Amino acid sequence: MTFEQIKDKLKDKNIGIAGCGGLGSNCAVALARVGVGNLIIADFDIIEESNLNRQYFFFNQIGMPKAIALKENINRINPNTNVIEHDIFLTEELIGEIYKDCDIIVEAFDKAEMKQMILKAVHKHFPEKALVMGMGLAGWGDNHLMQTNNYGNIFVCGDELNEVSDESPPLAPRVGIVSNMMANLILELLLGTNEYQKHNR
Amino acid sequence: MNITLNNKPESFETSSLTVTELLELKKYTYKMIVVKINNRLIEPSDYETATINDGDNVMVIHFFAGG
């Protein structure tokens, strides 16, 4: 497929991104760069200086709501990507509403409880939709541990091993790797070249 | 019995297991998990009673912080 053909296939696609931190901001930017037509992004948080070690924001955006700043940044990269932003705290019910027209949902939260919550929400509201999750991105090094596992319609990218802690913080390289693995998998699903999808649909 | 656990074949000597028994046998000690049997989501309150039988497709997905 040429890039023109790829862009043509992606222009009507709609991806829901839950969380605009390290995973969400970098994954959204990758999807916008390749021409995904519609992104629905949500986050309740505001940008702090400590986020800039991995999140796709700029120094002069400190203090801005992440969802609004991410829309601004995506518009600067590819104004052809239509972004709907929600500056809200996501719940099971809200996920059922705002992502109902999405082709794929991206879990990009930091807290474990929120990751569990969105899996349950997707199971409840959209059992057929693919959910792409990020799990295991703390620290540095260990490129070889990065993988993608498939649990039915749930895809998990990351090392599934290294939890974030004071001694093992989330940093740009590994967070970038996992968020781009997620975007890469989404492309595979959208372009119909994913092996799991070929065998199960 | 033979089951599929997280996409891999697994054999057990018993003919069925509860979710609690499976988690103990496999030494899954993660604090936060979701369990699905044949794509049915099992609530934690049912782990003692929900049974896994021959041929079942079981998924145990664990969650921890980072994003």
Side-chain angles (χ1 to χ4, degrees), chain A residues 18-27 43 45 51 54-55 106-124 127-128 131 133-139 149-156 158-165 168-171 174-175 178-179 182 196, chain B:
Chain A
C20 302
L23 293 174
S25 63
N26 288 294
C27 183
D43 202 304
D45 209 0
N51 300 148
R54 65 192 187 282
Q55 304 186 13
V106 177
E107 175 279 313
F109 294 124
D110 55 354
K111 292 193 172 60
E113 310 86 75
M114 294 297 280
K115 291 175 185 282
Q116 186 183 42
M117 182 277 289
I118 194 171
L119 190 151
K120 288 183 172 178
V122 170
H123 185 83
K124 180 173 159 190
E128 302 302 316
L131 173 67
M133 310 186 74
M135 207 86 62
L137 47 73
N149 284 314
N150 168 218
Y151 306 88
N153 64 319
I154 301 159
F155 298 83
V156 180
D159 64 24
E160 291 200 48
L161 212 58
N162 289 314
E163 181 163 14
V164 164
S165 67
S168 191
L171 299 168
R174 283 187 120 234
V175 172
V178 174
S179 44
M182 293 164 80
Y196 164 79
Chain B
M1 66 166 178
N2 298 307
I3 65 166
T4 304
L5 177 62
N6 289 348
N7 299 318
K8 293 188 187 99
E10 289 269 356
S11 292
F12 298 93
E13 296 194 351
T14 51
S15 61
S16 79
L17 285 172
T18 64
V19 172
T20 304
E21 288 168 338
L22 176 80
L23 297 177
E24 282 169 8
L25 271 172
K26 295 300 295 175
K27 300 186 171 60
Y28 286 152
T29 55
Y30 306 109
K31 273 174 279 179
M32 197 159 290
I33 56 170
V34 162
V35 177
K36 284 182 168 189
I37 303 174
N38 300 329
N39 211 31
R40 184 166 49 94
L41 206 147
I42 311 296
E43 290 297 334
S45 55
D46 297 330
Y47 288 177
E48 295 277 355
T49 50
T51 57
I52 295 155
N53 298 297
D54 189 53
D56 282 351
N57 184 7
V58 182
M59 296 192 185
V60 180
I61 309 168
H62 65 284
F63 306 96
F64 54 84

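Everything numeric here is computed off the predicted structure, so don't read it as measured data. Here is the naming used below: chain letters follow the sequence lines, and residue numbers restart at 1 for every chain.
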Report the residue from B/Ile61, B/Ile33, B/Val34 that forms a side-chain contact (heavy atoms from CB on, under 4.5 Å) with A/Gln116. B/Val34
Only one of A/Lys111, A/Met133, A/Glu160 passes side-chain contact (heavy atoms from CB on, under 4.5 Å) with B/Phe63; say which it is. A/Met133
What is the minimum heavy-atom distance between A/Ala112 and B/Phe64, and which atoms define it? CB-CA, 3.6 Å
Segment of [X] engaging chain B (4.5 angstrom heavy-atom cut-off):
X        : result
A/Glu107 : neither
A/Asn162 : backbone
A/Phe109 : backbone

Determine whether B/Lys36 and A/His123 make a side-chain contact, defined as any pair of heavy atoms from C-beta on separated by less than 4.5 Å. yes
Side chain / backbone / both / neither for B/Val60 at chain A, heavy atoms under 4.5 Å: backbone
Supply the atom-to-atom distance A/Glu113 CD to B/Lys31 NZ, rounded to the nearest 0.5 angstrom. 9.5 Å
Atom pair CG (B/Asn6) and OH (A/Tyr151), whose distance is rounded to the nearest 0.5 Å: 5.0 Å
